Protein chains: 2
Amino acid sequence: MPVTNRQIRLARRPVGPVRQEDWTLTEEPVTGPADGWFLGRTRYLSLDPAMRGWLDDRPSYLPPVGLGEVMRAGSILEVVESAHPDFRVGEFVSGSFGVQEYALSDGRGTRRIDPAAAPLPTHLGALGTPGMTAYFGLLEVGALNEGETVAVSGAAGAVGSLVGQIAKLKGCRVIGIAGGPAKCAWLTEELGFDAAVDYQTEDVRKALRTHAPDGIDVYFDNVGGTVLDAALTRLAVHARVVICGAISQYNNEHTVQGPANYLSLLVRRARMQGFVVFDYVTRYPEAAREIAGWIADGRLSTREHLVKGGVDAFPETFQMLFRGANTGKLILDLT
Amino acid sequence: MPVTNRQIRLARRPVGPVRQEDWTLTEEPVTGPADGWFLGRTRYLSLDPAMRGWLDDRPSYLPPVGLGEVMRAGSILEVVESAHPDFRVGEFVSGSFGVQEYALSDGRGTRRIDPAAAPLPTHLGALGTPGMTAYFGLLEVGALNEGETVAVSGAAGAVGSLVGQIAKLKGCRVIGIAGGPAKCAWLTEELGFDAAVDYQTEDVRKALRTHAPDGIDVYFDNVGGTVLDAALTRLAVHARVVICGAISQYNNEHTVQGPANYLSLLVRRARMQGFVVFDYVTRYPEAAREIAGWIADGRLSTREHLVKGGVDAFPETFQMLFRGANTGKLILDLT
């Protein structure tokens with residue numbers, strides 16, 4: 001099969017927002033799989049705010065993407081050629097295969113996907129890393145209890161929209177913080193959040209005082225910056241602040257804005273805790289089972305924001321995350 | 001007994017560092033105790049950085065000191081007149097009796113002191129609130145395990161010097177961060193710390209890299225600001241950051257400097273947790289017993305920095321805390 005594999009590679013380290021020139025589009029011939037390997041064609045490609053952190057040359061939970069390397073990304077492949085005993089042509093797998101049209105794999109670190117369980121894109125959303133992140137972040141790191149009050153930022157994003165719904169399923173009161181009236185309406189009218197705060201037009205601190213008069217027990221933060229600081233002023237005693245991400249800070253050229261109100265942790269006997277979802281990988285099946293059950297019962301809504309295009313559309317699509325242009329899980333649809 | 005009680009009262013709310021004019025010295029006649037009460041004369045008065053927070057008119061773990069009120073302070077009283085069945089003249093009690101020469105008490109919230117267990121000032125230090133703060137902050141909030149690496153800021157202060165020593169007693173490696181060569185020498189040469197970092201002359205981040213090459217498991221923070229940020233860059237995986245105070249920030253006129261490196265909590269799967277020692281009051285006896293045992297065995301050094309003077313010396317003495325002028329527990333000695 002003399003076809004070409006197009007790839008997006010990191011051309012230079014971005015300073016501040018990522019620019020088109022930080023990427024390069026390369027082509028190379030596709031080679032067939034060696035013994036024990038299979039070749040897959042990328043069907044759906046995941047776009048995630050955390051990818052911005054992988055571009056900086058500093059120690060983190062994963063090594064930075066090297067200059068000239070294919071950009072790291074989760075995706076769903078369809079097996080198109082196989083010399084691996086466990087993977088057959090036509091099967092679907094998810095894994096970290098990079099921003100490219102074809103990938104070779106020996107099966108390590110891949111997850112086989114059941115297209116009958118949910119549409120393929122959902123396996124990158126509610127049944128993929130965002131689902132695992134919401135589930136373990138809220139229930140394990142946040143140590144959620146029934147009847148508590150939960151606030152979540154980035155609430156209309158891939159993770160936030162699941163955090164709020166899972167909290168509702170666990171018998172909690174939920175306040176979502178998101179940007180713009182359409183997202184806020186989606187949270188309260190379709191996802192069943194108790195309240196939504198539009199950070200673009202509302203005073204978040206005051207709004208949280210209104211919607212959480214007795215304080216916030218679990219605050220799940222995806223954004224950092226001023227929204228995190230506002231939430232810190234409204235913690236209940238023994239609150240848990242889950243640090244999942246800080247999208248407002250990822251493109252800073254210099255330093256991150258630290259939470260000036262962190263001494264609320266002392267006054268409110270609260271904790272702020274970070275996590276990396278990969279640490280829970282052995283428990284993904286249990287989470288996926290429970291989430292799939294909620295989806296099947298119609299108790300959890302999944303939403304993917306599909307952008308149709310080739311890998312060359314990756315740079316532009318990636319920037320949507322930082323403009324808040326997506327609702328639900330942002331996915332590049334290469335089908 | 002027609003004597004006069006001199007008192008320090010809050011005259012106005014300080015902005016930034018507290019000035020002499022923020023206080024007022026008042027006098028009033030001492031009245032005898034009503035039935036069920038006793039009268040005590042202040043012998044030793046505790047000075048603590050947390051007092052600065054009590055002067056600001058904002059919600060905290062205790063209500064602010066009201067304008068015109070006697071300044072809140074812990075102290076040791078000698079009972080000089082008693083109409084209370086459980087307190088006899090000549091006994092010593094500790095409690096929150098305020099910055100004044102005499103105080104009336106019905107016994108609530110007081111602790112009887114055994115002068116045979118340790119010198120009276122030690123009951124405001126290692127056997128008082130600083131001791132309880134170090135003990136529960138390190139062992140409960142910090143969830144310390146044997147063999148871990150501990151770093152503590154404000155290490156030559158009342159709490160910090162005990163944190164480090166307790167960590168050593170629990171089989172840990174300890175790095176103290178303090179200001180100036182004399183304090184640093186005291187930590188390593190007399191208290192048995194493994195290393196000391198002088199934040200006034202050293203790059204704290206680099207020094208911590210040298211002294212804790214495998215990272216810090218428990219960081220006990222008394223100071224906030226740049227020292228906290230430096231420590232956050234050196235956390236081990238699953239580290240616990242104990243927020244006890246932030247003396248570098250208490251006199252800020254505007255906002256607190258938030259920890260810009262808080263996203264280390266995510267990368268290192270770490271938590272940052274605040275606490276208020278009063279929550280452990282029912283467990284004070286168990287801590288005091290263990291600490292008293294260490295003192296008796298010569299395994300824990302106590303040090304109080306006594307300033308001899310009347311209550312009128314309180315304003316000036318209080319400022320010593322923010323200049324780092326004390327080593328060990330700062331106490332006004334009214335005897």
Side-chain angles (χ1 to χ4, degrees), chain A residues 50 53 56 58-62 133 136-137 140-143 209 215 221-222 224-226 228-229 232-235 237-250 252 254-280, chain B residues 50 53 56 58-62 133 136-137 140-143 209 215 221-222 224-226 228-229 232-235 237-250 252 254-280:
Chain A
D56 293 329
R58 60 170 159 238
S60 188
Y61 59 96
L62 284 176
T133 302
F136 292 107
E140 296 291 321
V141 186
R209 187 180 303 142
D221 191 42
N222 291 304
T226 54
L228 170 57
D229 256 332
L232 285 173
T233 68
R234 298 304 308 155
L235 299 183
V237 168
H238 298 135
R240 286 83 68 199
V241 177
V242 180
I243 301 296
C244 179
I247 196 169
S248 75
Q249 304 296 308
Y250 291 163
N252 290 6
H254 301 293
T255 186
V256 161
Q257 178 190 343
N261 296 327
Y262 83 104
L263 290 172
S264 294
L265 297 177
L266 188 158
V267 175
R268 309 309 286 166
R269 296 86 159 149
R271 75 169 188 237
M272 180 185 284
Q273 187 164 348
F275 74 108
V276 173
V277 71
F278 306 141
D279 293 347
Y280 296 90
Chain B
D56 292 330
R58 58 168 160 240
S60 188
Y61 59 95
L62 284 176
T133 302
F136 292 107
E140 295 291 320
V141 186
R209 187 182 301 142
D221 191 41
N222 292 303
T226 54
L228 169 57
D229 256 332
L232 285 173
T233 68
R234 298 305 307 155
L235 299 183
V237 168
H238 298 135
R240 287 82 68 200
V241 177
V242 180
I243 300 296
C244 180
I247 197 170
S248 75
Q249 304 297 307
Y250 290 163
N252 291 6
H254 300 293
T255 185
V256 161
Q257 178 189 342
N261 295 327
Y262 84 104
L263 290 171
S264 294
L265 298 177
L266 188 158
V267 175
R268 310 309 285 166
R269 297 86 157 149
R271 75 169 188 238
M272 180 185 283
Q273 188 163 347
F275 74 109
V276 174
V277 71
F278 307 141
D279 293 348
Y280 295 91

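Every heavy atom of this structure was used, including side-chain atoms; hydrogens, water molecules and symmetry mates were not. The model shown is predicted, which means the values in this text are computed figures rather than measured ones. In the text below, chain A, chain B and the rest are named by the order of the sequence lines, each starting its count at 1.
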| query | Using non-hydrogen atoms only, which part of A:D229 is less than 4.5 Å away from chain B: side chain, backbone, both, or neither? | reply | neither
| task | Looking only at non-hydrogen atoms, find the nearest pair between B:L266 and A:C244 and report the distance. | result | CD1-O, 3.1 Å
| message | Using a 4.5 angstrom heavy-atom cutoff, name the option from A:G224, A:G274, A:P59 with the most pairs to chain B. | response | A:G274
| request: Answer with side chain, backbone, both or neither: which region of A:S60 has an atom nearer than 4.5 Å to a non-hydrogen atom of chain B? | output: both
| Do you know the tightest heavy-atom contact between B:G258 and A:Y262? | CA-CD2, 4.4 Å
| Contacting region of B:L235 [heavy-atom separation from chain A under 4.5 Å] | neither
| request: Sequence neighbours left out, what passes side-chain contact (heavy atoms from CB on, under 4.5 Å) with B:D56? Give chain and number order. | output: B:R52, B:R58
| query | If you count heavy-atom pairs under 4.5 Å with chain A, which of B:R268, B:M272, B:H238 comes out on top? | reply | B:M272
| Segment of B:L263 engaging chain A (4.5 angstrom heavy-atom cut-off) | side chain
| request: For B:R234, enumerate each residue passing the side-chain contact (heavy atoms from CB on, under 4.5 Å) test, keeping only those at least two apart in sequence or located in another chain. | output: B:L208, B:R209, B:I216
| task | Pick one of side chain, backbone, both or neither for A:L232, based on which atoms fall under 4.5 Å of a heavy atom in chain B. | result | neither
| query | Which answer fits B:N261, side chain, backbone, both or neither, if we ask what part of it has an atom under 4.5 Å from a heavy atom of chain A? | reply | neither
